[in-house]
Amino acid sequence: TVPLKTVASGYKVDEPLTPREDVTTYNNFYEFGADKADPSRHSQDFKPRPWTITVDGLVAKPQTFDVDKLIAELPVEERVYRMRCVEAWSMVIPWNGFPLKSLLDRVEPLGSAKFVAFETVVRPEEMPGQSGLFQPMPWPYVEGLRLDEAQHPLAILAVGLYGETLPNQNGAPIRLVVPWKYGFKGIKSIVRISLVETQPPNSWNSLQGSEYGFYANVNPEVDHPRWSQATERRIGESGFFGSGRRPTLMFNGYADEVASLYAGMDLRANY
Amino acid sequence: MAASRSALLDNLAGWGIYVVGFIPAVSSFWLGATGGLGADPVRAFEQTLGLWALRFLILTLAITPLRQLAGINLLRFRRALGLLAFWYAAMHFTVYLTLDRGLIWSTIIPDIVRRPFITLGFAALVLLVPLAVTSNRLSIRRLGKNWRRLHRLVYIAVSLAAIHYLLATKVLDPTQAIHIGLVVLLLGYRLVRGVVRRPERRAA
């Protein structure tokens, strides 16, 4: 990782940051293995540079962007966000990135575009979880957002954390961060973003639809079938003794900003 | 004289198994308390205890086929192995209640009651309690034939534990596949043997 030139932003959670060591060694990134420690251990062969990201579909100006050029052109902000995993643990992470909207604006979405589909790279030779036995899901990993969610100012494409470019295990060189949704929506190592008319598939939903929805909004009142989502354990907060367990907040604490996106929707049915 | 000496040796061997058997718990606790279990030490410790509970159940169930198929008699260790399984399950549950869930009963009790994943694990532990309580010589003598019947509960307990383990993760991983495979194998052995043996039972 190399240092990034960043600018401050108003988006800052006033809670202690999760230590960088924890943020970079406790990861769900099944392309590198299913264990939390696998991504940091098995991602050293991954080559995140040079990297291009194609934005196409229902847009006036489909384009392929070089990630380092985007980083040079767009102001990279610091965004300190809560990150709530569907497995009921959480972190506070200082991301560096830019609003997803600023990339979408460059390709000029057409009126018919209603959703945004994302796709992770497939490189079995560099990503050991994508080859061999026990592959948990079909590749590529895919995710999706409604267009208005994607254009929300909180939704960013992160290119770094803690002021440096993203480590491989965190989704280098560019990943999605949607802080009011469960972590699995934050698709990593993105190669393609397509604007589409109908709701695109997302990997975890395709794998186990009763447990993982399309929306995946953090919601303490809608439980995972196997565990409660009412509370969460903050990683790195109090170590071994004193669990650091705290109540989970509606929309992960971002209700003021995003609740209006879902006005009138049944959040139990659209989990 | 010879008999009592071998009984003494068996006793010592039993205690030896305990001492060795608790090493994973003690070392994992030590690592957790000193920052050696990574970013989520509570989860790591909790999972280690649960996994070893299942491992000791598997070892307990392996004693009989080892004797019948390979002629290796480790029967004298079975009680210690079974009790270790119970203690690990109890520690696993204790860590779940305390370090993990912070004794917040308002969320713990609904989880135990309503969520099959938690319910099954809890049920497995509950089933192990009468087995642990009746693992002494006095109970074996007093219960007679019923002791063997009672201790068949271990088959249900290990099945529940295996399903609980299967439900603990989002996708199947190799460690899970190996352990659950062993449980299926050991239970399958009993089923097959039961079917094969039944016709010639009169002799015994």
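Lettering follows sequence order; numbering is per chain, from 1.
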- Item | Atom group of T231(A) that falls short of 4.5 Å from chain B, counting heavy atoms | side chain

- Are side-chain heavy atoms of Y165(B) and L51(B) found at a separation under 4.5 Å? yes

- Item | E87(A) versus chain B, the contacting section by heavy-atom distance below 4.5 Å | side chain

- Query: With a 4.5 Å limit on heavy-atom distance, are the side chains of P200(A) and V142(A) in contact?
  - Reply: no

- Task: State plainly whether the residues K188(A) and E31(A) are in salt-bridge range, i.e. N to O under 4.0 Å.
- Result: no

- Query: Cation-pi between K185(A) and F214(A): NZ/CZ under 6.0 Å from ring centre and within 45° of the ring axis?
  - Reply: yes

- Under 4.5 Å from a heavy atom of chain B, the part of P19(A) involved: neither

- Using a cut-off of under 4.5 Å on heavy-atom pairs, state which of P110(B), P41(B), G38(B) scores highest against chain A. P41(B)

- Task: Can you tell which part of L133(A) gets under 4.5 Å to a heavy atom of chain B, answering side chain, backbone, both or neither?
- Result: neither

- chain B heavy atoms under 4.5 Å from D35(A): which part of the residue, side chain, backbone, both or neither? neither

- Query: Does the side chain of V42(B) come within less than 4.5 Å of L37(B)'s, by heavy atoms?
  - Reply: no

- Query: Can any side-chain N or O of Q130(A) pair as donor or acceptor with the backbone N or O of R123(A) at less than 3.5 Å?
  - Reply: yes

- Task: Could you tell me which portion of D40(B) (side chain, backbone, both or neither) has an atom closer than 4.5 angstrom to a non-hydrogen atom of chain A?
- Result: both

- Item | Note, Y254(A) side chain near Y81(A) side chain (heavy atom, < 4.5 Å) | yes

- Message: Please classify the contact of A44(B) with chain A as side chain, backbone, both or neither, using a heavy-atom distance under 4.5 Å.
- Response: neither

- Tell me, do T169(B) and Q176(B) make a side-chain contact under 4.5 Å, heavy atoms counted? yes

- Greatest number of heavy atom pairs closer than 4.5 Å to chain A - which of S106(B), G32(B), G35(B): G32(B)

- Query: Does any heavy atom of chain A fall under 4.5 Å from the side chain of F45(B), the backbone, both, or neither of them?
  - Reply: side chain

- Query: So what's closer than 4.5 Å to chain B heavy atoms on V86(A): side chain, backbone, both or neither?
  - Reply: side chain

- Message: Quick check on R114(B) against chain A: is it the side chain, the backbone, both or neither that has a heavy atom closer than 4.5 Å?
- Response: side chain

